Amino acid sequence: MSGRDDLQQKIVSLCKRRGFVFPGSEIYGGLANTYDYGPLGVLMLRNIINDWWSFFITKRKDIYALDTSVLMAPQVWEASGHTKSFTDALIDCKECKNRTRADHLIERYLEENNLLKDVEGEGMDVLEELINKHKIPCPVCSKFNWTKPRRFNLLFETHMGILEDNKSLAYLRGEIAQGMFINFKNVLETMRPKLPFGIAQSGKAFRNEITLGNFIFRTVEFNLAEFEYFFNPNKESWEEVFNYWKDLMLEWITSLGIPGDMLKWRIHTDKERAHYSARTEDLDYSFGFGFKELFGLAYRTDYDLKNHMEKSGIDLRYTDPETGDKVIPHVIEPTFGISRVFLALLNNGYYEEKERLVLKLDKRISPYKAAVFPLVKNKEDIVSKAQEVFNELISKGISVDWDDRGNIGKRYFSQDEIGTPFCITVDYQTLEDSTVTIRDRDTMKQERILISDISNRLN
Ligand code: GAP
């Protein structure tokens with residue numbers, strides 16, 4: 001096992017052991033590519049989304065938020081092109097029935113043999129030719145006996161109502177963007193925004209992914225956050241808007257502690273680019289298994305609004321308040337894979353030090369901001385003072401853990417593992433001078449501060 005696989009395994013096991021992420025449907029033997037966030041994982045996930053929300057929505061006046069339905073009229077996906085073009089290439093091993101993505105099979109093989117080539121988006125013929133040329137064996141049974149590669153659609157189908165017929169067909173949303181495009185007119189009419197402006201949301205998207213592995217990196221349902229930034233192409237150049245958001249995407253992720261040298265922008269090739277995009281760049285993070293996509297930034301032109309206008313017959317143009325001209329706005333779309341940010345922050349924060357395992361998460365992201373301990377468990381006045389400190393902090397809305405098991409050293413290490421930035425101990429001296437010890441996760445230094453100064457320190 002390489003050091004990188006090793007790190008990934010350690011993170012998976014920490015996540016399970018400490019309640020960050022559990023395999024989905026575990027008591028029934030699991031369901032491929034699904035995971036459940038545990039008590040600590042959900043706190044961390046919410047902290048990431050809240051920080052994103054604050055940075056891109058609350059602190060700006062040009063972005064309006066929505067929360068739209070997972071299920072939409074099937075025409076949405078026809079107009080957006082997803083029923084036709086949202087596809088991957090699939091291939092089956094005739095020997096062991098292993099089903100996999102043809103492009104991933106080839107990329108993995110070429111990578112292992114130091115023959116780097118990006119084959120995402122290549123046609124079926126090219127994929128088949130590459131598999132045959134290199135005689136790429138099945139990674140499960142090592143035989144070479146594949147079906148021809150064929151396209152399959154990533155949209156999850158479901159049925160509304162009680163009849164499973166064509167009329168009741170619906171899709172779980174394959175991207176959250178469409179909910180924002182189809183509400184464009186509603187936002188125009190209720191908020192009266194002036195171009196340029198954005199419509200944002202965060203929520204789950206669903207894709208029928210067949211490639212297994214890499215933990216929460218690729219799952220069938222995952223958390224996304226994104227916005228559509230609409231602008232008048234006659235007044236602004238798409239390149240300027242694109243680069244403006246490119247800088248801010250980087251600023252946000254580095255503000256969470258991911259160093260710049262672990263991130264790399266990558267331009268999509270013409271073949272790889274999604275059907276709606278005239279330019280796409282991914283921000284890749286150096287995960288344990290290589291540089292892989294964390295965010296995407298796309299210039300969607302007027303593709304979506306134009307197609308929804310045609311299909312719905314509703315005018316989705318914007319009227320310029322100065323000139324009265326009607327225009328279909330163009331769109332730059334910054335997309336943030338929140339589940340992947342979660343994984344990247346765990347990768348980035350995981351340290352094995354001499355005597356401890358520590359998750360150096362940014363204080364904004366850690367599940368708990370502090371833990372409160374009574375020095376001893378059997379001294380009633382110490383325990384009740386510690387409870388007082390704990391209650392005061394949670395009453396201020398600060399996420400705090402309580403621990404009175406084992407000795408203080410063990411409690412510190414237990415909090416280090418889950419990334420708690422501060423541990424507060426109430427001891428005998430507290431009863432005399434209302435001070436506590438506060439211990440810093442990263443430096444492991446302890447100092448005494450007044451109880452009345454704790455919440456300031458945590459902030
Ligand atoms: N609206 C544009 C859009 O959805 P995308 O590149 O298809 O763009 C956006 O997906 C982000 O979602 C990606 O940058 C990636 O971080 C994340 N993502 C895509 N597929 C995923 C999956 N199966 N599991 C987890 N995250 C995924």
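Here the structure is a predicted model, which means the values were calculated and not measured. Both ligands and their constituent atoms are indexed starting at 1 by order of listing.
Annotation: atom 13 (C) of ligand 1 to nearest protein heavy atom, E293 OE2, 3.1 Å. At the shortest separation from atom 16 (O) of ligand 1 among protein heavy atoms lies L294 O, 2.8 Å. For atom 2 (C) of ligand 1, the closest heavy atom belonging to the protein is E333 OE1, 3.1 Å. For atom 9 (C) of ligand 1, the nearest protein heavy atom (residue, atom name, distance) is T335 CG2, 3.1 Å. Scanning the protein heavy atoms around atom 15 (C) of ligand 1, the nearest turns out to be R340 NH1, 3.4 Å. Of all protein heavy atoms, the one closest to atom 24 (N) of ligand 1 is T219 N, 3.0 Å.
Put simply, part of F217 is less than 4.0 Å from ligand 1, judged by heavy atoms. Taking 4.0 Å as the cut-off, F342 does not count as a neighbour of ligand 1 on heavy-atom distance.
Taking each of N214, L224, D282 in turn, the one with a heavy atom nearest to atom 11 (C) of ligand 1 proves to be L224. Among R173, E175, R207, the residue whose heavy atom lies nearest to atom 10 (O) of ligand 1 is R207. For atom 27 (C) of ligand 1, the choice among F222, F206, Y276, F86 with the nearest heavy atom turns out to be F222.
Only the side chain of R300 comes within 4.0 Å of ligand 1, counting heavy atoms alone; its backbone N, CA, C and O stay farther away. Looking at E209 against ligand 1, only its side chain comes within 4.0 Å, counting heavy atoms.
By the 6.0 Å and 45° rule, K246 stacks over the aromatic ring of W265. Seen from the ring of Y299, R279 does not count as a face-on cation partner, given the 6.0 Å and 45° thresholds.
E221 and T34 share no side-chain donor-acceptor pair at under 3.5 Å. Defined by atom type and a distance below 3.5 Å, a donor-acceptor pair is missing between the side-chain atoms of Q75 and H308.
A salt bridge between E353 and K360 is present, with a side-chain N of the basic residue lying under 4.0 Å from a carboxylate O of the acidic one. Ionic pairing of E175 and R300 is present here: one or more N-O contacts between side-chain nitrogen and carboxylate oxygen are shorter than 4.0 angstrom. Between E310 and K306, no side-chain nitrogen of the basic residue sits less than 4.0 Å from a carboxylate oxygen of the acidic one, so the salt-bridge criterion is not met. Using a cutoff of 4.0 Å between basic side-chain nitrogens and carboxylate oxygens, K264 and D282 are not scored as salt-bridged.
Near G296, meaning under 4.0 Å from one of its heavy atoms, ligand 1 places the atoms 14 (O).
When the options Y64, F295, F227, Y229 are evaluated for a ring-ring contact (aromatic ring centres under 6.0 Å, His included) with F56, the one that passes is F227.
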